[in-house]
Trainee: 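Input: one structure, supplied below.
Within every chain, numbering begins at 1; the chains are lettered A, B, ... in the order of the sequence lines, protein sequences first and strands thereafter. Just so you know, these numbers use all the heavy atoms, side chains as well, and skip hydrogens, waters and symmetry mates.
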Protein chains: 2
Amino acid sequence: MIEYSRQPHYLVAVDCIVFGFDGEHLKILLVKRGLEPEINKWSLMGGFVGANESPDDAANRVLKKMTGLEGVYLEQMQIYGEPDRDPIERTLSVGYFSLIDIHKYEAQLNDDYEAEWFLINDRPKLIFDHNQMVADARKKLRYKAALHPILFEMLPKKFTIPQLHILFEEVNDTKIDTRNFSRKITSTGLLIKLAEKDRTGSKKGAFYFKLDKKKYHANSQAFLNLMPNLKV
Amino acid sequence: MIEYSRQPHYLVAVDCIVFGFDGEHLKILLVKRGLEPEINKWSLMGGFVGANESPDDAANRVLKKMTGLEGVYLEQMQIYGEPDRDPIERTLSVGYFSLIDIHKYEAQLNDDYEAEWFLINDRPKLIFDHNQMVADARKKLRYKAALHPILFEMLPKKFTIPQLHILFEEVNDTKIDTRNFSRKITSTGLLIKLAEKDRTGSKKGAFYFKLDKKKYHANSQAFLNLMPNLKV
DNA sequence: TTATTAATTGTCGTTTTGACAATTAATAAT
DNA sequence: ATTATTAATTGTCAAAACGACAATTAATAA
């Protein structure tokens, strides 16, 4: 009969794929690894799951420590558990992907943890299976963003439709008709138009919008169709 | 500095939510637990992740052992890792949900493992957080089935549209217009009409269909809209 | 031959979609 | 001051998808 005592025990870690948007391009936040093996190589931000915390707790803790941010969008992706994925000792890692407003990120932490933002399409090779994690996260981000209004999480409180438009194009790596896009986005009923305009980058200026938080949280589970000609 | 050696180690398990369809109702397969604690209580089928296997491997092994089936639909759901979820020792469990053709299930295994099929809406209380796992799996099944043609996995090779119709209604716990349903299902182009008819249960008989495997695998990632008036 | 039953095919107005064009509000140039 | 320029915004329209609803068909039983 199977008993607990005879079973092998493993290390359990979390790794976070942190996405941000600088107004032009999709970026991810990487850190220089601080322990052996592969010390000083680029990796995702991660850590071991402590004795008194759940994996979700651990991911939030790591994120807080390395970005200064709390209560950000964080979603469990999948577990990575090939027996030999860590050469030192068997470690299973729970992958999370996170969407943050890049401007809220506390830049002084760059120094503390040797963190750095990279263009998603121009990033260094990462340790272990972290490259696969990034690829999976990107795919999942695309999938979710096509159905649910999550990309707002990467924009400041006040944003314009052109900003949102560029972000959608970045995430999906495709061109989207501006006219149809703004109609579709406004028809969700999730945006509240503000009186103020953003004048940087255009003569006419683009109206700021903010999220209707109430409707956003009420409808965060609803299926939308935010991408034209959608084929995954 | 954080080192591997100082970190706590945990047991890692898998638990499978196995869905089946008997032609009328959605069912799940449960087993009587064979080890302490909570021995002889109903639980999901699960097991510890062995030293030389990934969690996916472990889930497949458990499923093979307890149902006799290989190569069935199996999808990672999420990890369950609250520190106190197992009273004996900290154990993290990866939840999987699986869709099988209930008729392929090898019934003699009922005796070997004290397994039993239960109506999804009339099941016993389960141990630990397994009740939550079932609730999560049900939600995820609904979500995925609304977008991707996965419910075929619970039907035999030859099936009729009325059978599929009942299954969709069961999964979504709602009535669906038969006329619109069959139009929508056939318009996916995934079904091949056979010459043979199923004569049980109706005078006219319903044509058998089979899945166009080629298109099915090519389009398994595509977004469909298989549920009318969809609001999650 | 007719009644019955469930499967199947059909109708049609409404809504959504997406390709494409025109207008507008500002600033910069003349 | 007038005009050119630029990007944001609003508009048009045909095709497709959607969903409420009805009629027909293929079999068996009466």
Trainee: Establish whether the base of dA17(D) is bridged to the side chain of Asn225(B) by a donor-acceptor pair shorter than 3.5 Å.
Mentor: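 In this structure, the two groups form no donor-acceptor pair.
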
Trainee: So, using salt bridge (charged side-chain N to carboxylate O under 4.0 Å, His left out) as the criterion, who are the partners of Lys214(A) when residues are at least two apart?
Mentor: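 Scan of Lys214(A) (salt bridge (charged side-chain N to carboxylate O under 4.0 Å, His left out), adjacent residues dropped) gives none.
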
Trainee: Which residues pass the salt bridge (charged side-chain N to carboxylate O under 4.0 Å, His left out) test with Lys204(B), not counting sequence neighbours?
Mentor: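 None.
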
Trainee: Within this structure, what is the CG-to-C1' distance between Asn180(B) and dT11(C), rounded to whole angstrom?
Mentor: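 In whole Å, dT11(C) C1' and Asn180(B) CG are 12 Å from each other.
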
Trainee: Scan residues 187-203 of chain A for pairs that pass side chain to side chain donor-acceptor pair (under 3.5 Å), counting only residues two or more places apart or in two chains.
Mentor: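 Side chain to side chain donor-acceptor pair (under 3.5 Å) check on residues 187-203 of chain A returns Lys158(A)-Glu196(A), Asp198(A)-Thr200(A).
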
Trainee: Would you check if the distance from the ring center of Phe181(B) to the ring center of Phe168(B) is below 6.0 Å?
Mentor: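 Centroid separation for Phe181(B) and Phe168(B): below 6.0 Å.
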
Trainee: Between dC20(C) atom P and Arg179(A) atom CZ, what is the distance in whole Å?
Mentor: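 My rounded result for the distance is 9 Å.
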
Trainee: Listed by chain and number, what are the ring pair (Phe, Tyr, Trp, His ring centres under 6.0 Å) partners of Tyr80(B), not counting sequence neighbours?
Mentor: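 With neighbours one apart ignored, the set is empty.
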
Trainee: Holding to side-chain contact (heavy atoms from CB on, under 4.5 Å), I want the full list of residues that pass it with Arg179(A), two or more places apart in sequence or in another chain.
Mentor: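 Once residues adjacent in sequence are excluded, the partners of Arg179(A) under the side-chain contact (heavy atoms from CB on, under 4.5 Å) criterion are Asp177(A).
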
Trainee: Quick check on DNA chain C: between Thr178(B) and Arg183(B), whose nearest nucleotide comes earlier from the 5' end?
Mentor: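 By nearest-heavy-atom nucleotide position, the 5'-most residue is Thr178(B).
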
Trainee: Could you identify which residues of residues 158-167 of chain A place a heavy atom less than 4.0 Å from some atom of DNA chain C, listed by residue number, or say none?
Mentor: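 Of all residues in residues 158-167 of chain A, none places a heavy atom under 4.0 Å from DNA chain C.
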
Trainee: Under the rule for salt bridge (charged side-chain N to carboxylate O under 4.0 Å, His left out), what residues qualify as partners of Asp56(A), not counting sequence neighbours?
Mentor: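 Asp56(A) satisfies salt bridge (charged side-chain N to carboxylate O under 4.0 Å, His left out) with no residue once adjacent residues are dropped.
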
Trainee: Decide yes or no on side chain to side chain contact (heavy atoms under 4.5 Å, CB included) for Lys210(A) and Leu194(A), but give the supporting numbers first.
Mentor: CA-CA 7 Å; Lys210(A) 67 173 181 180; Leu194(A) 303 178; 4.0 Å; yes

Trainee: Where do N or O atoms of nucleotides 23-28 of chain C meet protein N or O atoms at under 3.5 Å, pair by pair?
Mentor:
residue	atom	partner	partner atom	Å
dT24(C)	O2	Lys204(A)	NZ	2.9

Trainee: Among all residues two or more places apart in sequence or in another chain, which pass the salt bridge (charged side-chain N to carboxylate O under 4.0 Å, His left out) test with Glu153(B)?
Mentor: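 With sequence neighbours excluded, Glu153(B) shows a salt bridge (charged side-chain N to carboxylate O under 4.0 Å, His left out) to no residue whatsoever.
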
Trainee: For Lys184(A), does the NZ atom sit with more than 12 other heavy atoms under 6.0 Å from it, leaving out its own atoms?
Mentor: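 Buried by this count: over 12 neighbours within 6.0 Å.
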
Trainee: Suppose we screen for side-chain contact (heavy atoms from CB on, under 4.5 Å). Which residues come up paired with His103(B), at least two apart in sequence or across chains?
Mentor: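 His103(B) satisfies side-chain contact (heavy atoms from CB on, under 4.5 Å) with Asp101(B) only.
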
Trainee: Any side-chain to backbone donor/acceptor pair from Arg142(B) onto Val171(B)? Under 3.5 Å, distance only.
Mentor: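 Present.
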
Trainee: In whole angstroms, how far is the P atom of dA8(D) from the CG atom of Asp177(A)?
Mentor: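 Whole-Å distance recorded here is 14 Å.
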
Trainee: If I take atom CG in residue Leu226(B) and atom C1' in nucleotide dA17(D), what distance separates them, rounded to the nearest angstrom?
Mentor: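 Rounded to whole Å, this separation is 14 Å.
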
Trainee: Could you tell me whether the side chain of Ile79(A) reaches within less than 4.5 Å of the side chain of Gln76(B), counting heavy atoms only?
Mentor: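 Side chain of Gln76(B) against side chain of Ile79(A), heavy atoms only: contact under 4.5 Å found.
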
Trainee: Could you spell out the base pairing of DNA chain D as a dot-bracket line? Use Watson-Crick and G-U wobble contacts where both distances are under 3.5 Å, [ ] for crossing pairs, | for partners on a different strand.
Mentor: ||||||||||||||||||||||||||||||

Trainee: May I ask you to list the residues of residues 184-194 of chain B, by number, that have any heavy atom positioned under 4.0 Å from an atom of DNA chain C?
Mentor: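 Under 4.0 Å from DNA chain C: Lys193(B).
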
Trainee: Between atom CZ in Phe209(A) and atom C1' in dT9(D), what is the gap in whole Å?
Mentor: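 Distance check: Phe209(A) CZ to dT9(D) C1' gives 10 Å.
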
Trainee: Check the distance between dT9(D)'s P and Tyr208(A)'s OH and give it to me in whole angstrom.
Mentor: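 Answer to the nearest Å: 12 Å.
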
